[in-house]
Visitor: 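Quick one: the structure is below, and I'll ask about it shortly.
All values below come from the heavy atoms of this structure, side chains included, with hydrogens, waters and symmetry mates left out. Numbered from 1 within each chain, the chains take letters A, B, ... in sequence-line order.
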Amino acid sequence: MVLVLALGDLHIPHRAPDLPAKFKSMLVPGKIQHIISPGNLCIKEVHDYLKSLCPDLHVTRGEYDEDLRYPESEQLKIGEFKLGICHGHQVIPWGDLDSLAMLQRQLDVDILITGHTHQFKAYKHEGGVIINPGSATGAYSSISYDINPSFVLMDIDGLRVVVYVYELIDGEVKVDKIDFKKPQTAA
Amino acid sequence: MKGKQLLYGLQFEKMSTGIMERLKSGIGISEGGTVMDAVEFVLQNFTEMNKLWVRMQHQGPAREKERREKERRELRDLVGKNLHVLSQLEGVDLDMYKDVVLPRVLEQVVNCKDEIAQYYLMDCIIQVFPDDYHLQTLETLLGACPQLQPTVDVKTVMSQLMERLSNYAASSSEVLPDLLHVEAFAKLSSAVVKVIEAQPDMPLVGAVSLHVALLTFTLRVHVDRLDYVDQVLGACVKKLEGKGKVKDSKATKQIVALLSAPLEKYNDVVTVLRLTNYSKVMEHLDYETNKVMAVVIIQSIMKNNTSISSSEKVDALFELLKELIKDSEGAPSMDEIDEDDFMEEQNLVARLVHMLVNKDHEEMFKILTTARKHFGQGGPKRLKFTLPPLIFAALKLVRCLQGHDAGDEALVSPKKIFQFLHQTVEALSTVPAPELALRLYLQCAEAASDCSLEPVAYEFFTQAFLLYEEEIADSRAQVTAMQLIIGTLQRTYVFGVENRDTLTHKATGYSAKLLKKPDQCRAVYACSHLFWLEEDGGTQDGERVLLCLKRALRIANAAQQMSSVTRGSSGPLTLFVEILNKYLYYFEKGIPQVTSNLIQGLLELIGTELQSENTAQDRAVDAFFASTRRYIQFQKQKGDDLAERYSSIQVVSPP
């Protein structure tokens, strides 16, 4: 059982002062093995905070990120899964699932973690899964209206991943979960 | 001499125990005398012993220091015991205390003119006699304080008293009316003033600490009386008048304590803002400490989730925070300031902006314009931290107003906010922060489009393009800028044909002029989406889509040839596979111009190239091509209308 936290588009401090208190109290160091962020943190303080939760932090560059050294995209393997990360402002039309599927094929990954629209999405297609953890702070987006703060926790176990999405709705944290199984492929 | 003292002490021990026992067993006052006699006896004893003790402080050879210390301590304890006995004597009621005991004791305290004795005895009196006695004799007790030796730590004496009275007030709700009745606060305040006046050489730290003690009392006992709190601050301001920025670090520490106490007590900066003297006290902090205090204030707001809900409050708050927000005269120059500290401070100010909120739209707009005014005085280095959060707050306000037609007379409307946004983003572009400004212009453009304000949206796009042309030279920055321009334009539906054509033409033109061929290729095929808007009423021009894709293909070819010439082998075929995927995208949308023949041709081209000797091996491209072919196979097998169309496409597996 490997726990992977995926969160992004925090936009601190331009669009939000901080993570919601209820999220902060849930995110405790030492419980998570990897953190993946599609980007738009945007300042070093947020990077350092995430690093304190888990030293294995992967961040790709969002268009407002202060640190220009984050890569445009990244690929990593966790257990049996190949994961890809990309903020998504590079993929036009923004939020278009078919275009994101193309990126997924290009990166050759089972799970693509992307952001930019601030809207939570978990989309399964024949090539794999696309997950957008939404905006962890519920930040303003020109693309989506009425955003609730959200983030995703993935539990990777063998060929199965359970995706938990945490959403802050009217002050309460609601959890939903989605199951994905990777088809066994011939080597 | 010594023997006599000890004997005297022992005798007293016996005598006082004797008195206590006699009194306890109820054997008469009639036997030995009245209560008055007992009191008189003890008072005399007290006076004599005190005089003895004071004399002893200053005598004796050095070599017997340790023994003398011990004796002095014992004598001191005996002196204090007298007071204890007085407090225990039955019959010594409030009146007796007020008329006889206290005046006589205080007389001795003042007259002995010994600083150690005075401090000890004042402390004893406060500890030993009951609190309601102190309340009723407050003026007398406090009256002694200015008469004490200047070296006595009168601040501690008075704060002990005030603490006892605070605890007393907290012990029962019936006490508070008494406190008000005897006007405790007024008496304590005037005592502080008198003590300070009586000791003109008192260092500043002492004077401020006295005020801190009084403020602590006030906050505990009269927490609802903001006027009292303000009065204490005002008294301190008077003391600080003319002193400018206080340089003594101990005094500064006390000033910080004075300012922090109301913050911690109320946990509500809005309440603190009502204290008219607060900012005047803060003026006297030196530059660094003032900034630290300002940070503490902001942290209090963030921690307590305090909303600053009016433009007047914003004015008052920013007055307190002015050393953070703008460069005052006493501030060090920019070279001397640590960059990281500066960034941290300014990011904190940025976070603060999100606490300036009011649901009423007019008030919210006033808040934004007020904050803007203050931030505008912050100099170029601060703007890129402070203006963006204002801009996003304004965009949020636009959303609230969207759809309501307030008319031109309204104090706030999307149009007015867009004017505010325009001049605010403009200020950023002159900082210079062109990349940031470009992003924000695009945000505004999309928001204006959502409000159906075509000219406003067009103007924002124009500004974004101008920034691109004139200020963004770095190739990597250009690539991202184009992605953002194309992405935003693809989502805007407000434009009529002419405006749309102009902007699209600009976008495709610049895309083709990016420095690196792969970047050009990608930007050009991204532009294809500008001619295929999904939502109702959006342009759908298959011809232009295909033209973009073909142009992208030509660029990919050119890139290949360049690579062949310069490196000896063709570059990776990634671009071709990307364009193939784009063909599939439009094929599925049903664009007639994107035919299965075109796709077949591209498939075969890539397949051939991959096997050519000239082509460098690239695992990533192989995987990409393989997954694309898998996708086509999958679509073919779906058995729906799409599968029908896909049927004419042959996917050949590589050997």
Visitor: Any chance you could lay out the side-chain contact (heavy atoms from CB on, under 4.5 Å) test for B:Ile486 and A:Trp94, step after step, and finish with the verdict?
Guide: CA-CA 10 Å; B:Ile486 299 168; A:Trp94 290 336; over 6 Å; no
Visitor: With a 4.5 angstrom heavy-atom cut-off, could you sort out which part of A:Ala16 is near chain B: side chain, backbone, both or neither?
Guide: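 Just its backbone gets close to chain B.
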Visitor: Does the B:Arg439 side chain pair with the main chain of A:Tyr64, one donor and one acceptor, at a distance under 3.5 Å?
Guide: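 Flag not set: sc B:Arg439 to bb A:Tyr64 has no pair under 3.5 Å.
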Visitor: Contact part of A:Ile12 toward chain B, heavy-atom cut-off under 4.5 Å: side chain, backbone, both or neither?
Guide: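 Contact with chain B involves the side chain of A:Ile12 alone.
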Visitor: How long is the span from the CZ atom in B:Arg399 to the OH atom in A:Tyr140, to the nearest 0.5 Å?
Guide: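 That separation rounds to 4.5 Å.
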Visitor: Hey, is the main chain of B:Ala350 close enough, under 3.5 Å, to the side chain of A:His14 for a donor-acceptor pair?
Guide: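 No: the side chain of A:His14 does not pair with the backbone of B:Ala350.
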Visitor: Taking every heavy-atom pair that is under 4.5 Å apart, which of A:Asp96, A:Ile143, A:Leu103 has the most such pairs with chain B?
Guide: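 Among A:Asp96, A:Ile143, A:Leu103, the one with the most close pairs to chain B is A:Ile143.
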Visitor: Look up atom CD in A:Glu63 and atom CD in B:Gln483, then write down how far apart they are to the nearest 0.5 Å.
Guide: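 So the CD of A:Glu63 and the CD of B:Gln483 are separated by 9.5 Å.
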Visitor: About how many Å separate OG1 of B:Thr628 and CZ of A:Arg105, when rounded to the nearest 0.5 Å?
Guide: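 The CZ atom of A:Arg105 sits 5.5 Å away from the OG1 atom of B:Thr628.
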Visitor: May I ask you to say whether B:Arg351 pairs ionically with A:Glu45, meaning some side-chain N is under 4.0 Å from a carboxylate O?
Guide: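 Result for this pair is yes, salt bridge flagged.
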Visitor: Which of the residues A:His125, A:Arg61, A:Gln106 is involved in the greatest number of heavy-atom pairs with chain B at under 4.5 angstrom?
Guide: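 When all of A:His125, A:Arg61, A:Gln106 are compared, A:Gln106 has the most.
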Visitor: Quick check: do A:Leu107 and B:Phe624 have side-chain heavy atoms less than 4.5 Å from each other?
Guide: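 They are not in contact (no side-chain heavy atoms under 4.5 Å apart), so the answer is no.
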Visitor: Ion pair present between A:Glu126 and B:Lys638, side-chain N to carboxylate O less than 4.0 angstrom?
Guide: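 So A:Glu126 does not pair with B:Lys638 through a salt bridge.
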Visitor: Given a strict heavy-atom distance threshold of 4.5 Å, which part of B:Leu352 is in contact with chain A: side chain, backbone, both, or neither?
Guide: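 Neither part; nothing is under 4.5 Å.
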Visitor: Please state whether the side chain, the backbone, both or neither of A:Glu72 comes within less than 4.5 Å of a heavy atom of chain B.
Guide: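 The answer is the side chain of A:Glu72.
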Visitor: Which of the residues B:Met482, B:Arg630, B:Arg491, B:Glu435 is involved in the greatest number of heavy-atom pairs with chain A at under 4.5 angstrom?
Guide: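 Most heavy-atom pairs under 4.5 Å with chain A: B:Arg491.
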Visitor: Counting only heavy atoms from other residues, nucleotides and ligands, does the tally under 6.0 Å from NZ of B:Lys384 exceed 12?
Guide: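 Check fails, neighbour count at 12 or below.
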Visitor: Find the one option among B:Ile391, B:Leu484, B:Leu390, B:Val479 whose heavy-atom pairs under 4.5 Å with chain A are most numerous.
Guide: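 The answer is B:Leu484.
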Visitor: Any chance CD of B:Glu339 has more than 12 other-residue heavy atoms, nucleotides or ligands included, within less than 6.0 Å?
Guide: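 Check fails, neighbour count at 12 or below.
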Visitor: Side chain, backbone, both or neither: which part of B:Glu578 has an atom under 4.5 Å from a heavy atom of chain A?
Guide: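 Both parts, heavy atoms under 4.5 Å.
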Visitor: So B:Met302 and A:Pro17, do their side chains get closer than 4.5 Å, heavy atoms only?
Guide: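 Yes, close enough: below the 4.5 Å cut-off.
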Visitor: When rounded to the nearest 0.5 angstrom, what distance separates OG in A:Ser142 from CG in B:Leu395?
Guide: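 So the gap between those two atoms works out to 8.5 Å.
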Visitor: Taking atom CG of A:Asp146 as the centre, does the number of heavy atoms from other residues, nucleotides or ligands within less than 6.0 Å exceed 12?
Guide: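 Open.
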Visitor: Which residues in residues 79-92 of chain A have any heavy atom lying under 4.5 Å from a heavy atom of chain B?
Guide: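 Residues in range: A:His89, A:Gln90, A:Ile92.
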Visitor: As an exercise: rank B:His529, B:Gln490, B:Met355 by heavy-atom pairs under 4.5 Å with chain A and give me the winner.
Guide: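 The residue among B:His529, B:Gln490, B:Met355 with the greatest pair count is B:His529.
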Visitor: Nearest 0.5 angstrom please: A:Leu68 CG to B:Arg476 CZ, how far?
Guide: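 Here the interatomic distance stands at 6.5 Å.
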Visitor: Got a sec: does the NZ of A:Lys174 have more than 12 other heavy atoms crowding it under 6.0 Å?
Guide: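 Check passes, neighbour count above 12.
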Visitor: Quick check for you: among B:Ala447, B:Ala626, B:Pro389, which has the greatest number of heavy-atom pairs under 4.5 Å with chain A?
Guide: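 Heavy-atom pairs under 4.5 Å are most numerous for B:Pro389.
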Visitor: Partners of A:Glu66 by side chain to side chain contact (heavy atoms under 4.5 Å, CB included), sequence neighbours excluded?
Guide: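 A:Glu66: side chain to side chain contact (heavy atoms under 4.5 Å, CB included) contacts with A:Ile43, A:Lys44, B:Met343.
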Visitor: By a 4.5 Å heavy-atom criterion (distance strictly below it), what part of B:Thr488 contacts chain A: side chain, backbone, both, or neither?
Guide: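 B:Thr488 touches chain A through backbone and side-chain heavy atoms alike.
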Visitor: Between chain A and each of B:Phe625, B:Tyr631, B:Phe634, count heavy-atom pairs under 4.5 Å; write down the option with the most.
Guide: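 The residue among B:Phe625, B:Tyr631, B:Phe634 with the greatest pair count is B:Tyr631.
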Visitor: Could you tell me which portion of B:Gln402 (side chain, backbone, both or neither) has an atom closer than 4.5 angstrom to a non-hydrogen atom of chain A?
Guide: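 Side chain only.
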Visitor: Is it the side chain or the backbone of B:Glu344 that comes within 4.5 Å of chain A heavy atoms, both, or neither?
Guide: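 Looking at B:Glu344, backbone and side chain both touch chain A.
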Visitor: Looking at A:Lys31, I'd like to know if its NZ atom is crowded, meaning that more than 12 non-hydrogen atoms belonging to other residues, nucleotides or ligands lie closer than 6.0 Å.
Guide: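 Counting neighbours around NZ of A:Lys31, 12 or fewer heavy atoms of other residues, nucleotides or ligands fall under 6.0 Å, so no.
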